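These notes concern the structure reproduced below.
Counting from 1, the numbers follow the sequence of the chain as shown. Note that the coordinates shown come from a computational prediction; the quantities given were computed from them, not determined experimentally.
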Amino acid sequence: MAQTIKKPESCPDVVGYIHKVSPLKTSRNESQFFGATVQTETDYETLVSWRAESHHAFRDMENAKTQVCLQQMATTPSYKKPGNFDLKYTYQSKITKPSRKLNFTAQPPEDVGKKMTLNVVKEAPVWEKVHVVAKVVQVSTPVKVSEKLTKMTIKIADETDSIHLAIWNEDIEKITIGRTYSTSTCFGCHQEVTYNEDLPTFTCSHCKRKFRTSSVKNQLKAIITCDNREYVVNKQVLQDTFSDLEQLSIHQLEDEILLNTDAIILG
């Protein structure tokens, strides 16, 4: 017998920071929406908003690491966590400043740092964000789904398996059969981008900035806060400091950086 999920009677105010605001997306009924992650004192909550006019405000709050209080929020069944609920920013919802200063700092949730092979991706939970490198081996004819949406189905493959993907709108023009593509995070807007590894440069489809492909492959860096100042440490400095850098996991690297902060900055 299917389990019945009881919807909470009310959603209390949510206090924290905004992270990972997505680009505006268009649903099948041509309504615009976007997603975001809300960092609370104890957890990260997924948020969805169908108020396109508030997109810039959410982006600004993310970039400024603004402390926010989300009031009169609704809830909607979660796609990522079956049995749970995500936050829904509605026309009744409001954004205000918290009544007191928060006792925790803004810490964006970790991205999937390690690229995954397709056989592992097939076993991943539904809606989990993954990074892959794969070759396009088959493409379908683009189909007009609605006035604003065009869809093309492609088949990608790596050394372990193959899988079908749906490609939409302007991304269709970027796909060429036989070429290898990778996913990463844009330096400028921090959104996920797909690029052709065979080309020397690529343009982010979100912020329209152009980057060298080689710079993305070498994008590992650390941001250290010391005496209220932020220091960006690139991969070359990390390699000079930690001879076993390639063998360290992200969590091990964080521990090493915390123990050697002074040496990294002063060195």
Exercise. Ignoring hydrogens and angles, tell me if any N or O in the side chain of Tyr17 forms a donor-acceptor pair with the backbone of Phe104 under 3.5 Å.
Key: yes
Practice problem: Measure from the side-chain N and O atoms of Ser22 to the backbone N and O of Gly35, and report whether any donor-acceptor pair falls under 3.5 Å. | Solution: yes
Is the shortest side-chain heavy-atom distance between [X] and [Y] below 4.5 Å?
X: Gln67; Y: Lys101; value: yes
X: Trp168; Y: Leu149; value: yes
X: Thr105; Y: Gln107; value: yes
X: Asp13; Y: Leu70; value: no
X: Ile18; Y: Val68; value: yes
X: Thr75; Y: Asp86; value: no
X: Thr40; Y: Val15; value: no
X: Asp158; Y: Val132; value: no

If you take all heavy atoms of [X] and [Y], which pair is closest and at what distance?
X: Ile172; Y: Ile167; answer: N-CG2, 3.7 Å
X: Ser54; Y: Ser49; answer: OG-OG, 3.7 Å
X: Ala166; Y: Lys151; answer: CB-CE, 3.8 Å
X: Met152; Y: Val139; answer: SD-CB, 4.3 Å
X: Leu118; Y: Ile156; answer: CD1-O, 3.7 Å
X: His19; Y: Ala106; answer: CE1-CB, 4.0 Å

Exercise. Can you spot which of Phe34, Phe33, Trp50, Phe58 makes a ring-ring contact (aromatic ring centres under 6.0 Å, His included) with Tyr89?
Key: Phe58
Self-check item: Hydrophobic cluster membership, Ile95 vs Val21, 4.5 Å side-chain cutoff
Solution: yes
Quiz item: For the hydrophobic clusters of this structure (ILVMFWY residues joined by side-chain heavy atoms under 4.5 Å, transitively), does one cluster hold both Val145 and Leu24?
Solution: no
Self-check item: Other residues, nucleotides, ligands: >12 heavy atoms within 6.0 Å of Lys144 NZ
Solution: yes
Spacing of [X] atom [atom1] and [Y] atom [atom2] [to the nearest 0.5 Å]:
X: Arg59; Y: Asn63; atom1: CZ; atom2: CG; result: 7.5 Å
X: Glu62; Y: Gln39; atom1: CD; atom2: CD; result: 11.5 Å
X: Leu87; Y: Thr90; atom1: CG; atom2: OG1; result: 11.0 Å
X: Ile175; Y: Ile154; atom1: CD1; atom2: CD1; result: 4.5 Å
X: Ser93; Y: Met73; atom1: OG; atom2: CE; result: 5.0 Å

Practice problem: Report the C-alpha separation of Gln71 and Thr96 in whole Å, then their side-chain angles, then the decisive distance to 0.1 Å, and conclude whether the side-chain contact (heavy atoms from CB on, under 4.5 Å) test is met. | Solution: CA-CA 8 Å; Gln71 299 177 327; Thr96 63; 3.6 Å; yes
Exercise. Give every residue pair that meets the salt bridge (charged side-chain N to carboxylate O under 4.0 Å, His left out) criterion with at least one member in residues 49-58, sequence neighbours excluded.
Key: Arg51-Glu53
Practice problem: Salt-bridge test for Lys122 and Asp161: reply yes if a basic N is under 4.0 Å from a carboxylate O, no otherwise. | Solution: yes
